[in-house]
Structures are given as structure tokens and as C-alpha cells.
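The structure under discussion appears below in the form of C-alpha cells.
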Amino acid sequence: MAIDTSADKPASVDSKRAVNARYNVLSPRHPENGAWPAEMRVDMLAAYLDFRSVRELALAVSRGDAPSPTSSRGTGRSREAIWAKVIVDEHVAGSRALRQNLPAHDLAALV
């Protein structure tokens, strides 16, 4: 997927371009050996985050519901967005913590 990384554009413009490029032709893809890699392309990330399609993931990234790409790989037109699994996991953990709203417990009372 093509990403324009020119210095005169803010990062948000680059990540929106990355999200909108060539997503209609890709389907979510699970790893063949069952182990999720440390860095994922958009098709694998869509499967990891359980999106039905890469387009659905692209829309979530543009809304801020999914993390933006953490880096890119390749040169020129063959450049593609990459997501670091660690950053994706932190994003998911942070959004889950906000939604839980669990009541506070006295840990001493549990012992």
C-alpha cells in the first residue's frame, strides 16, 4: 500500500492515506502457523482485531477506534503501513479498561 511520507504533511494525513489505500481488495488473513507476528500488515491486523473486512478496519482507524500504523515498510510505491503488535495490544487494553467501569473492591476484605 502506498504511503506518502513527505515531511511537509502531518502524520495524520499520512495515516489516513495509508488507511484508504487498496483496502477493497484485501481480506483479513490469519497467520499460517498460528503465531501472530510482532509487526503486521493491514490484512493480518484486520484478522487479529476480528474485523470482518480490511475496509471495516480502515474505517475504524479513520474514526480513531483502531490504532494508526506505527511505521511503514518498503520504498516508493511499494511502501505499506505496518502495525506493531505491542502498540495494538496497548490500544486494545486501554480501550477495554475505559469500558469496564468495575466497582472498586477492598482487597483486604477478599482475603
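None of these values were measured; they are calculated from a predicted model.
Considering CZ of Arg52 and CG of Asp50, their distance stands at 9.0 Å, rounded to 0.5 Å. Annotation: the span from Leu49 atom CG to Asp89 atom CG amounts to 8.5 Å, rounded to 0.5 Å. With rounding to the nearest 0.5 angstrom, the OG1 atom of Thr70 is 9.5 Å from the CE atom of Met40. Note that the OG atom of Ser78 and the CZ atom of Arg73 stand 11.5 Å from one another [nearest 0.5 Å].
Looking at Met44 and His30, their side chains never come closer than 4.5 Å, going by heavy atoms from C-beta outward. Taking 4.5 Å as the limit, every side-chain heavy atom of Glu80 sits out of range of all side-chain heavy atoms of Ser72. In this structure, Ile82 and Arg41 have side chains that are in contact, with non-hydrogen atoms separated by less than 4.5 Å. Two residues are said to be in side-chain contact when any heavy atoms from C-beta on lie closer than 4.5 Å; Pro37 and Lys85 fail this criterion.
Scanning both residues, His91 and Pro67, for their nearest heavy atoms gives CD2-CD, 3.4 Å. The shortest heavy-atom contact between Val61 and Ser68 is CG1-CA, 4.1 Å. In terms of heavy-atom proximity, Ala66 sits nearest to Leu57 at CB-CD1, 3.8 Å.
Asn33 CG: more than 12 foreign heavy atoms inside a 6.0 Å radius.
Within the structure, ring-ring contact (aromatic ring centres under 6.0 Å, His included) contacts touching residues 43-66 (residues at least two apart or in different chains) are Trp36-Tyr48.
A continuous path of ILVMFWY side-chain contacts below 4.5 Å connects Leu45 to Val92, so both sit in one hydrophobic cluster.
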